[in-house]
Protein chains: 2
Amino acid sequence: MGERAGELINRIAVLRAEYKMTQQELAQKAGVSRQTIISIEKGKYTPSLALGFEIANAFGVDINEVFQYNKGEVGK
Amino acid sequence: MGERAGELINRIAVLRAEYKMTQQELAQKAGVSRQTIISIEKGKYTPSLALGFEIANAFGVDINEVFQYNKGEVGK
DNA sequence: ACAAAAAGTAAAAATTACTTTACATTAGGT
DNA sequence: ACCTAATGTAAAGTAATTTTTACTTTTTGT
């Protein structure tokens, strides 16, 4: 029960490159620490929905452009 | 520092009514407990992004149709 | 090559999400 | 009125996220 069914992938690094935004800047805009951005960007854990939205509108894009959820391989 | 900048509102109750889905059923489809659904539906806390997506595709709708984030009133 | 900025790693502490259990209330059907 | 399903409340415990601090490595510009 440690992991949820699906996998969450994010395009934060891509978007940061595209918008030339540093982790520090993104962290400030989203209102979290730089560590949080790093961890999420690297997929170490999944952020809260609120933070997801904050990150999305730090870039000014829809949340679906930042995060994609591939629901769990039920058929294994 | 207890609260994030913006407020997250959800349309879970509305969607459940629309799709005639019980909290129990939604909980099962999303892979969480009924309590979790209740608490989120009532706005007691904000779910993880993964759970947000799970709830959205339990209804088969986009995540933006379930959750809306009004970014914090910075100007107070 | 050098300096500075950006990115990365790690780990403990604090906070928040989620589970489980158990019981109280409300709504619907007969 | 009765029964049952659905919703709600509460509290204690576990698991996950986020912060804070400190240090290492990589990248970039000059």
Side-chain angles (χ1 to χ4, degrees), chain A residues 1-59 63-64 66-74, chain B residues 1-59 63-64 66-74:
Chain A
M1 282 171 193
E3 299 171 2
R4 196 164 292 289
E7 64 158 357
L8 187 69
I9 70 170
N10 75 84
R11 297 182 58 245
I12 296 178
V14 176
L15 287 164
R16 279 201 311 103
E18 195 171 337
Y19 290 89
K20 293 203 195 321
M21 195 181 297
T22 176
Q23 292 177 331
Q24 188 87 272
E25 291 172 325
L26 178 54
Q28 284 176 234
K29 289 199 180 193
V32 293
S33 72
R34 190 171 63 93
Q35 284 317 309
T36 299
I37 296 299
I38 292 175
S39 296
I40 292 168
E41 186 170 317
K42 297 223 127 190
K44 282 201 71 178
Y45 52 70
T46 102
S48 72
L49 191 46
L51 181 47
F53 277 114
E54 288 277 10
I55 292 173
N57 53 28
F59 291 123
I63 196 170
N64 291 292
V66 187
F67 301 96
Q68 278 125 39
Y69 188 69
N70 299 322
K71 78 176 311 178
E73 14 254 79
V74 181
Chain B
M1 285 168 186
E3 299 169 5
R4 194 164 292 290
E7 65 158 356
L8 186 70
I9 70 170
N10 76 82
R11 296 183 58 247
I12 296 179
V14 176
L15 287 164
R16 280 200 311 104
E18 196 171 337
Y19 289 90
K20 292 204 196 320
M21 195 180 299
T22 176
Q23 292 176 333
Q24 188 87 275
E25 291 172 327
L26 178 55
Q28 284 175 236
K29 289 199 180 191
V32 293
S33 73
R34 189 171 65 93
Q35 284 317 310
T36 299
I37 296 299
I38 292 176
S39 296
I40 292 167
E41 188 171 314
K42 296 224 127 188
K44 280 201 69 176
Y45 51 72
T46 101
S48 73
L49 193 45
L51 180 48
F53 277 114
E54 289 276 9
I55 292 174
N57 51 30
F59 290 124
I63 196 169
N64 291 292
V66 187
F67 300 96
Q68 278 125 38
Y69 188 71
N70 299 323
K71 79 176 313 180
E73 15 253 79
V74 181

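A quick note: this is a predicted structure, and the numbers were derived from the prediction, not measured. Hydrogens, waters and symmetry mates play no part in the numbers below; they use all other heavy atoms, side chains included. In what follows, chains carry the letters A, B, and so on, assigned in the order in which the sequence lines appear, proteins first and then strands, with residues in each chain numbered from 1.
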Next on the checklist: For A:Pro47 versus A:Leu8, what's the shortest heavy-atom pair and its separation?
Outcome noted: CD-CD2, 4.2 Å
Checklist entry - Which part of the nucleic acid, if any, lies within contact of B:Thr46, taking any heavy atom under 4.0 Å across all strands shown: a base, the sugar-phosphate backbone alone, or nothing? => result sugar-phosphate
Checklist entry - Please, which pairs that meet salt bridge (Lys or Arg N to Asp or Glu O under 4.0 Å) have at least one residue in residues 20-33 of chain B, sequence neighbours excluded? => result none
Next on the checklist: What is the separation between atom CD on A:Glu41 and atom C1' on C:dT9, rounded to the nearest whole Å?
Outcome noted: 14 Å
Checklist entry - From the list C:dA7, D:dT19, D:dG8, which nucleotide is the closest neighbour of the side chain of A:Arg34? => result C:dA7
Checklist entry - Starting at CD1 of B:Ile38 and ending at P of C:dT20, how long is that distance when rounded to a whole Å? => result 14 Å
Checklist outcome for this item: Sequence neighbours excluded, the answer for ring-ring contact (aromatic ring centres under 6.0 Å, His included) partners of B:Phe67 is none
Checklist entry - What residue pairs, at least two apart or across chains, pass ring-ring contact (aromatic ring centres under 6.0 Å, His included) with a residue in residues 14-41 of chain A? => result A:Tyr19-A:Phe59
Checklist outcome for this item: Per-helix bend value, the helix from C:dA1-D:dT30 to C:dT30-D:dA1, C1' rotation axes over five pairs per end, 10° rounding, shows 70°
Next on the checklist: Distance check needed: C:dA4 P versus A:Gln24 CD, whole Å only.
Outcome noted: 18 Å
Item to check | Where at least one partner belongs to residues 24-45 of chain A, residue pairs that pass ring-ring contact (aromatic ring centres under 6.0 Å, His included), sequence neighbours excluded | outcome: none
Mind listing the N/O atom pairs, protein and nucleotides 10-12 of chain C, below 3.5 Å?
unit_1	atom_1	unit_2	atom_2	d
C:dA10	N6	A:Gln35	OE1	3.3

Next on the checklist: Tell me the closest heavy-atom pair linking A:Ala58 and A:Leu26, and the distance in Å.
Outcome noted: CB-CD1, 3.6 Å
Item to check | Min side-chain heavy-atom separation A:Leu49-B:Ile63 under 4.5 Å | outcome: yes
Next on the checklist: Heavy atoms within less than 4.0 Å of DNA chain C: which residues of residues 11-18 of chain A have one? Give them sorted by number.
Outcome noted: A:Arg16
Next on the checklist: At 4.0 Å (heavy atoms only), tell me whether A:Thr22 reaches a base, stays on the sugar-phosphate, or touches nothing.
Outcome noted: sugar-phosphate
Next on the checklist: Distance check needed: C:dA7 P versus A:Met21 CE, whole Å only.
Outcome noted: 11 Å
Checklist outcome for this item: Applied to residues 20-39 of chain B, the ring-ring contact (aromatic ring centres under 6.0 Å, His included) test, sequence neighbours excluded, yields none
Checklist entry - Does a nitrogen or oxygen in the side chain of A:Ser48 sit under 4.0 Å from OP1 or OP2 of C:dT16? => result no
Item to check | Euclidean distance, atom CD of residue B:Gln23 to atom C1' of C:dT20 [Å, nearest integer] | outcome: 16 Å
Item to check | With sequence neighbours excluded, residues passing side-chain contact (heavy atoms from CB on, under 4.5 Å) with A:Gln68 | outcome: A:Ile9, A:Arg11
Checklist outcome for this item: B:Glu54 CD to C:dC18 P, in whole Å, measures 11 Å
Item to check | Least distance between heavy atoms, A:Ile55 atom then A:Ala30 atom | outcome: CG1-CB, 4.2 Å
Sequence neighbours left out, cut at 3.5 Å: what donor-acceptor pairs do the side chains of residues 32-44 of chain B make with other protein atoms?
unit_1	atom_1	unit_2	atom_2	d
B:Ser33	OG	B:Thr36	N	3.3
B:Ser33	OG	B:Thr36	OG1	3.0
B:Ser39	OG	B:Gln35	O	3.1
B:Glu41	OE1	B:Arg16	NE	3.0
B:Glu41	OE2	B:Arg16	NH2	3.1

Next on the checklist: Taking any heavy-atom pair under 4.0 Å as a contact, classify A:Ser33: base, sugar-phosphate, or nothing.
Outcome noted: base
Checklist entry - Nearest-Å distance, CG (A:Leu26) to C1' (C:dA6)? => result 14 Å
Checklist entry - What's the CD1-P distance between B:Ile40 and D:dA16, to the nearest Å? => result 16 Å
Next on the checklist: Please enumerate all residues that pass side-chain hydrogen bond (donor to acceptor under 3.5 Å, both in side chains) together with A:Asn64, with sequence neighbours excluded.
Outcome noted: A:Asp62, B:Asp62
